[in-house]
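In this text the structure is predicted, and so the values were computed from the model without any measurement. Naming: A, B, ... by sequence-line order, numbering from 1 per chain.
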Amino acid sequence: MTSNAQAAETFQGIADLLDLLGEKFKPEAYRRAARSIESLTEDLGAVAGRHELRSIPGVGEAIAEKIEEYLRTGSISYYERLKREIPPGLVELMRLPGLGPKTARRFWVELGVEGPNELRDAIAAGRLVGVKGFGEKKIELIRSALTAAAAGPTGVRRAIEEVYPVARDLVETLRSKAHAERVELAGSYRRARETVGDLDILVTSKDPSVAFEVFSAHPLIAEVKMRGETKETVLLQGGLQVDLRVVQPEEFGAALQYFTGSKDHNVRLRSLARDRGLKVNEYGVFRGEERVAGATEEEVYASLGLAWIPPELRENRGEIEAAAQGKVTALVSEPDLRGDLHIHLPPDTLPRDVDRVAEEARRRGYAYVGIVVAGVRADGSVWALPEPTGSRLAQLLSAGPRLLRALEIGPEGPPPELAAIAHDFGIARPVLSAPTPGRDPGGPQPPAIVAHVGSSVASDAGTLAGWVDLARRSSAAIEVGPGPERLDSTAARQVCEAGISLHLPTGLDLSTGDPTRPVALGFARRAGASANSVANARSLGSLSVAGSGPRAGPKERSDDRPRSRSGKSRPA
DNA sequence: GCCGTTTTCGGCCCGACTGTTTTCAGTCG
């Protein structure tokens, strides 16, 4: 874990303990600071070094001092004192679904219960019976929450690419069977966060009960936790929670905005509204009783004097100020992609896959595809795709999207200075993808893409800085997307801020419905990337990889013209 | 504890839902 993440966790811990002490506003202040610190793209120590800690949203005098103490000593005396004061088991109790800080504190004060085990014993001994506020149902709820917690962790966040197929499936079912006019996913899924804690689905429907019935009957759903007049909460097999909300068409934009979040973004928005004598909630924007906006997100933002803000940017990191000045970045979007420089094909399905990939690229109107034909293994030995793939590639070079043969340079591969860097970082599979049309594997040229680097290898800022440096010296892009071998959006933002281009995997080689491409796009958008900062949104001619080799392909397709640079996509 | 394009003090998002209530408190998102 990075020191930023550790500091954020410490402040979360302080917030939890303050909650248990019954503090009213301090816990939220510490949580806000923790969220800001966690989403920081720069090392906390560097910010402190410039004496700019207080420029972090939610960090004031007191928290800045605590950050400095943390950076200096590795701990915060205030936190240590709170931990001595409050039994740690109370935090566990507070986390149980249906329980909160108030209830956990009551157990402690009124029953002397200091943790889950003692609470279980207290319930078994009947000590909760007759306590004010604890009826039969409540006691049973707590009992089952304790049992569930003992069986395993609940509320774990899952990787967005893992949730993606499930989300699409649920939305498709609602669209096709629930007579719902509009169906959209909101929450951190729509903001393309790396992980999602639950799914929020919004629908408009004349008959909410039909929507709930159809939804509840979906085979993925294991349990209906709660159903009200406008809202249903279910648990999927595997434990993921999904909230379905039915809203009126005239409220849809306001509800989508509200449930997309983030929390900090919405808090900022509402305080902006208050300053203008308006009130924002999930039903609309109101001046007194009069609804002035609500049907679309665009009109909600416009009513507050703001340009529409892409969901991926809604984290209160300056996007509201930018929108007030009409300076929202036009983010890269699906139609901007013009090719892929880094496709791997399994040797045993070739050359059939070459044709499949070429056909898919043609269907999407891509101008080029780089297929990795040879590389260097971790042990330094060279591999290459077997014949007849090479021949097939050569045949296809004359039709459709231009096929580039790419080469991956490992730590032992050329050029030597790159090998040294990869070696220094101790990378298990340090592959630099280098499309080199018409060149023999092993030819000494800088890589076009620094790929196969991500959380599995770049686990701290130092390593990421090394890859950024390598990319800069090589004029290379760095690959972003799901999985441990690609950069996440936080790292991607640092890459963009350093002026380095991103490469987005397009999933040409993957099955329909595979999340790689949309998730990579989402991460790039979260990083604030425009089409200009994405290597494979450029024409082949403007890429440094388009060197002329002895077997250079035909001229680019005539339709390889500049495409829409609109970053504004329809809600997912 | 943080924050300010009316504020350096006095606010701090707000509505749905549940369980226990007889008008509300706690939790959740």
**Asked** For DNA chain B, whose closest nucleotide is more 5', that of A:Gly100 or that of A:Met226?
**Response** A:Met226
**Message:** Under 4.0 Å between a side-chain nitrogen and a carboxylate oxygen: does that hold for A:Lys177 and A:Glu213?
**Reply:** no
**Message:** Counting the atoms with a prime plus P, OP1 and OP2 as sugar-phosphate, which does A:Phe259 contact under 4.0 Å by heavy atoms, base, sugar-phosphate, or nothing?
**Reply:** nothing
**Fill in**
The glycosidic conformation of B:dT7, counting syn as within 90° of 0 and anti otherwise, is syn
**Item:** B:dG26 versus B:dT20 - spacing of their P atoms, nearest Å
**Value:** 14 Å
**Request:** Using the C1' atom on both, measure B:dT7 against B:dC2 and round to a whole Å.
**Result:** 14 Å
**Asked** Taking the C1' atom of each, how far is B:dC28 from B:dC13, in whole Å?
**Response** 13 Å
**Asked** Nearest nucleotide by nearest heavy atom, which residue falls closer to the 5' end of DNA chain B, A:Lys279 or A:Arg32?
**Response** A:Arg32
**Asked** Base, sugar-phosphate, or nothing for A:Glu28, non-hydrogen atoms under 4.0 angstrom?
**Response** nothing
**Request:** Please work out if A:Leu99 contacts a base, only the sugar-phosphate, or nothing of the nucleic acid, heavy-atom cut-off 4.0 Å.
**Result:** sugar-phosphate
**Prompt:** Taking it one step at a time, do A:Thr230 and A:Val247 satisfy side-chain contact (heavy atoms from CB on, under 4.5 Å)?
**Reply:** CA-CA 7 Å; A:Thr230 61; A:Val247 304; over 6 Å; no
**Request:** Sticking with atom C1', work out how far B:dG11 lies from B:dT6, rounded to a whole angstrom.
**Result:** 14 Å
**Message:** Are A:Arg245 and A:Asp200 packed together at the side-chain level, in the sense that at least one heavy-atom pair is separated by less than 4.5 angstrom?
**Reply:** yes
**Asked** What is the pairing partner of B:dT27, taking Watson-Crick or G-U wobble pairs with both distances under 3.5 Å in any strand?
**Response** B:dA16
**Message:** Restricting to side-chain contact (heavy atoms from CB on, under 4.5 Å), what partner residues turn up for A:Glu315, sequence neighbours left out?
**Reply:** A:Arg191, A:Arg193, A:Ser262, A:Arg317, A:Arg526
**Message:** Going 5' to 3' along DNA chain B, which are the first and last nucleotides with any atom under 4.0 Å from a heavy atom of chain A?
**Reply:** B:dG1 to B:dG29
**Request:** Looking at every strand, decide which applies to A:Gln241 at a 4.0 Å heavy-atom threshold: base, sugar-phosphate, or nothing.
**Result:** sugar-phosphate
**Message:** Does anything in residues 202-252 of chain A form a ring-ring contact (aromatic ring centres under 6.0 Å, His included)? List the pairs, not counting sequence neighbours.
**Reply:** none
**Item:** Pairs touching residues 72-112 of chain A that satisfy ring-ring contact (aromatic ring centres under 6.0 Å, His included), sequence neighbours left out
**Value:** A:Phe107-A:Phe134
**salt bridge (charged side-chain N to carboxylate O under 4.0 Å, His left out) between A:Arg268 and A:Glu319, intermediate numbers included** = CA-CA 11 Å; A:Arg268 252 334 279 292; A:Glu319 73 280 4; over 6 Å; no
**Asked** Just checking A:Tyr258: base, sugar-phosphate only, or nothing, at a heavy-atom cut-off of under 4.0 Å?
**Response** base
**Prompt:** Expressed as a whole number of Å, how far does the C1' atom of B:dG19 sit from that of B:dC12?
**Reply:** 28 Å
**Asked** Where along residues 124-139 of chain A does a heavy atom fall under 4.0 Å from DNA chain B?
**Response** A:Gly133, A:Phe134, A:Gly135, A:Glu136, A:Lys137, A:Lys138
**Request:** Just grab all the ring-ring contact (aromatic ring centres under 6.0 Å, His included) pairs involving residues 37-59 of chain A, residues at least two apart or on different chains.
**Result:** none
**Asked** Heavy atoms under 4.0 Å, any strand shown: does A:Arg227 hit a base, just sugar-phosphate, or nothing?
**Response** sugar-phosphate
**Asked** Between B:dG1 and B:dT8, how far is it from one C1' atom to the other, in whole Å?
**Response** 14 Å
**Request:** Please state the P separation for the pair B:dT23 and B:dG29 - nearest whole angstrom.
**Result:** 29 Å
**Asked** Does A:Glu69 pair with A:Arg72 as a salt bridge, N-O distance under 4.0 Å?
**Response** no
**Request:** Pick base, sugar-phosphate or nothing for A:Pro27, based on heavy-atom distances below 4.0 Å to the nucleic acid.
**Result:** nothing
**Message:** Using every non-hydrogen atom in the two residues, find where A:Arg525 and A:Pro310 come nearest and quote the distance to one decimal.
**Reply:** NH2-CB, 3.8 Å
**Prompt:** Contact class for A:Leu272 vs. all strands (heavy atom < 4.0 Å): base, sugar-phosphate, or nothing?
**Reply:** nothing
**Prompt:** Is A:Thr230 touching bases, backbone alone, or none of the nucleic acid, heavy atoms closer than 4.0 Å?
**Reply:** sugar-phosphate
**Prompt:** Between A:Ser216 and A:Glu232, does any side-chain donor sit less than 3.5 Å from a side-chain acceptor?
**Reply:** yes
**Request:** Classify the nucleic acid contact of A:Glu23 as base, sugar-phosphate or nothing, counting any heavy atom under 4.0 Å across all strands shown.
**Result:** nothing
